[in-house]
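Computed from a predicted model, the values in this text were never measured in an experiment.
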Amino acid sequence: MFDVLIIGGGVSGVSCALILGSAQKKPFVQDKKIGIIAHQKASSLQEALFNNAYGISAGKLGSEILVESIEHLQKTYPHITIIEDEKVMRIEGSAGNFTITTNKNTYQTKMVVIGIGAGNPFTIEGLEEYVMPHQKIIPEKNRIQLKNVDHKVTEGIYVTGTLAGWRSQLAIAAGSGAAVATDILTLWNAGIHVQAHDSIKK
């Protein structure tokens, strides 16, 4: 049983995983099992080139970021389970007991974070009631989002990045994933607000 399982190995999903991973020494995180299903084949980063993203050198390819970000997560926070080469097909259950079915396996998790793209049709069964037209992308693009309030779809399910209704910018997607991670940390900390920072002084 995972305490949280992140679906999506792009910017918002990995950003969420990095923040959760960095909080590993906090007492309320030490016993938490965190996983990410890092299916990246359909990521919009595959064809991206970055010249305008904070902290990323001009000319950086999105395809490089996809590989490097997973390597970063794996090396820096090895306690996070990375599940590669599996695509999520269905989500069932309710908060505290979700079943995630992929094309290869099934997993149990207490919470779910969905960080896949906003492509139409939405390919994960079980969340159809939350699908709606994307509110910040022109209708001609035929993109969708999941209904949510401050990233929360329903009890135990969060959404990040473009699927949460944000515009397709790397910095926005990264911030969206980080925001969800700090909300989850706050939940684990009995509602007391949490941020996760490293410092050269520590």
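Other residues, nucleotides and ligands contribute more than 12 heavy atoms inside 6.0 Å of the NZ atom of Lys104. Residue Glu47 qualifies as open at atom CD: its count of foreign heavy atoms under 6.0 Å is 12 or below. A 6.0 Å sphere centred on CD of Glu128 holds more than 12 heavy atoms belonging to other residues, nucleotides or ligands.
Membership of the apolar cluster around Leu49 extends to Leu61, as traced through chained side-chain contacts below 4.5 Å between ILVMFWY residues.
Under the side chain to side chain contact (heavy atoms under 4.5 Å, CB included) criterion, Asp150 pairs with Asp183, not counting sequence neighbours. Evaluation of the side-chain hydrogen bond (donor to acceptor under 3.5 Å, both in side chains) rule for Lys141 yields no partner, not counting sequence neighbours.
Ile36 and Leu5 fall into different hydrophobic clusters, where Ile, Leu, Val, Met, Phe, Trp and Tyr residues are linked whenever their side-chain heavy atoms come under 4.5 Å apart, directly or through other members. Val88 and Val131 fall within a single hydrophobic cluster, where Ile, Leu, Val, Met, Phe, Trp and Tyr are joined by side-chain heavy atoms under 4.5 Å apart, directly or via other members. Linking ILVMFWY residues whenever their side-chain heavy atoms come closer than 4.5 Å, directly or via other members, leaves Met89 and Ile116 in distinct clusters. With hydrophobic clusters built from ILVMFWY side chains whose heavy atoms lie under 4.5 angstrom apart, Ile172 does not share a cluster with Ile6. Grouping the Ile, Leu, Val, Met, Phe, Trp and Tyr side chains by contacts below 4.5 angstrom, directly or via other members, places Ile137 apart from Leu163.
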Show, in sequence, the C-alpha distance, side-chain angles and deciding distance for Phe50 and Ile65, and conclude whether the side-chain contact (heavy atoms from CB on, under 4.5 Å) test is met.
CA-CA 10 Å; Phe50 291 99; Ile65 292 174; 3.7 Å; yes
Between Leu127 and Phe122, is the side-chain contact (heavy atoms from CB on, under 4.5 Å) condition met? List the steps. CA-CA 9 Å; Leu127 299 177; Phe122 184 68; 3.9 Å; yes
Run the numbers on Glu92 and Thr101 for side-chain contact (heavy atoms from CB on, under 4.5 Å), then give the verdict. CA-CA 8 Å; Glu92 300 170 287; Thr101 303; 4.2 Å; yes
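Between the side chain of Thr102 and the backbone N or O of Asn105, at least one donor-acceptor pair lies under 3.5 Å. For Lys152 (side chain) and Asn148 (main-chain N/O), no donor-acceptor pair under 3.5 Å exists by modelled atom type.
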Only distances under 3.5 Å count here; give the side-chain donor-acceptor pairs of residues 70-83 to other protein atoms, sequence neighbours excluded, each with its distance to 0.1 Å.
| unit_1 | atom_1 | unit_2 | atom_2 | d |
| --- | --- | --- | --- | --- |
| Thr76 | OG1 | His72 | O | 2.9 |
| His79 | ND1 | Gln24 | OE1 | 3.2 |

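Contact detail for Ala196 and Leu185: the closest heavy-atom pair is CB-CD1, 4.3 Å. Closest approach of Ala178 to Ser15, counting heavy atoms only: N-OG, 3.6 Å. Between Ser94 and Phe98, the shortest heavy-atom distance links the atoms C-CZ, 3.4 Å. Across Ser63 and Gln46, no two heavy atoms sit closer than the pair CB-O, 4.0 Å. The shortest heavy-atom contact between Cys16 and Ala181 is O-CB, 3.5 Å. Considering all non-hydrogen atoms of both residues, Lys136 and Gly165 come closest at CD-O, 3.4 Å.
One distance of note links CG of Leu20 with CD1 of Ile34; it measures 5.0 Å at 0.5 Å rounding. Separation of atoms NZ (Lys26) and CG (Asn189) is listed at 8.0 Å; rounding is to 0.5 Å. Atom-to-atom distance recorded for Tyr130:OH and Gln145:CD is 14.5 Å, nearest 0.5 angstrom. Interatomic distance, CG of Leu146 versus OG1 of Thr154, reported as 11.5 Å (0.5 Å rounding). Taking CG of Leu66 as the reference point, atom CG of Leu45 lies at 4.5 Å (rounded to 0.5 Å). The CD atom of Gln195 sits 8.5 Å away from atom OG1 of Thr186, with the distance rounded to the nearest 0.5 Å.
Within the 4.5 Å cutoff, the side chain of Thr123 has heavy atoms near those of the Lys87 side chain. Here the side chains of Tyr54 and Leu170 are not in contact, with every heavy-atom distance at 4.5 Å or above. Side-chain contact check for Ile7 versus Val112: some heavy-atom pair is nearer than 4.5 Å. For the pair Met111 and Ile157, the minimum side-chain heavy-atom distance is 4.5 Å or more.
Among pairs with a residue in residues 159-182, those fulfilling side-chain hydrogen bond (donor to acceptor under 3.5 Å, both in side chains) read Ser12-Thr160, His151-Trp166, His151-Ser176, at least two apart in sequence or across chains. Within the structure, the side-chain hydrogen bond (donor to acceptor under 3.5 Å, both in side chains) test picks out the following pairs touching residues 108-121 (sequence neighbours left out): Asp3-Lys110, Asn97-Gln108, Thr99-Gln108, Asn120-Asn142.
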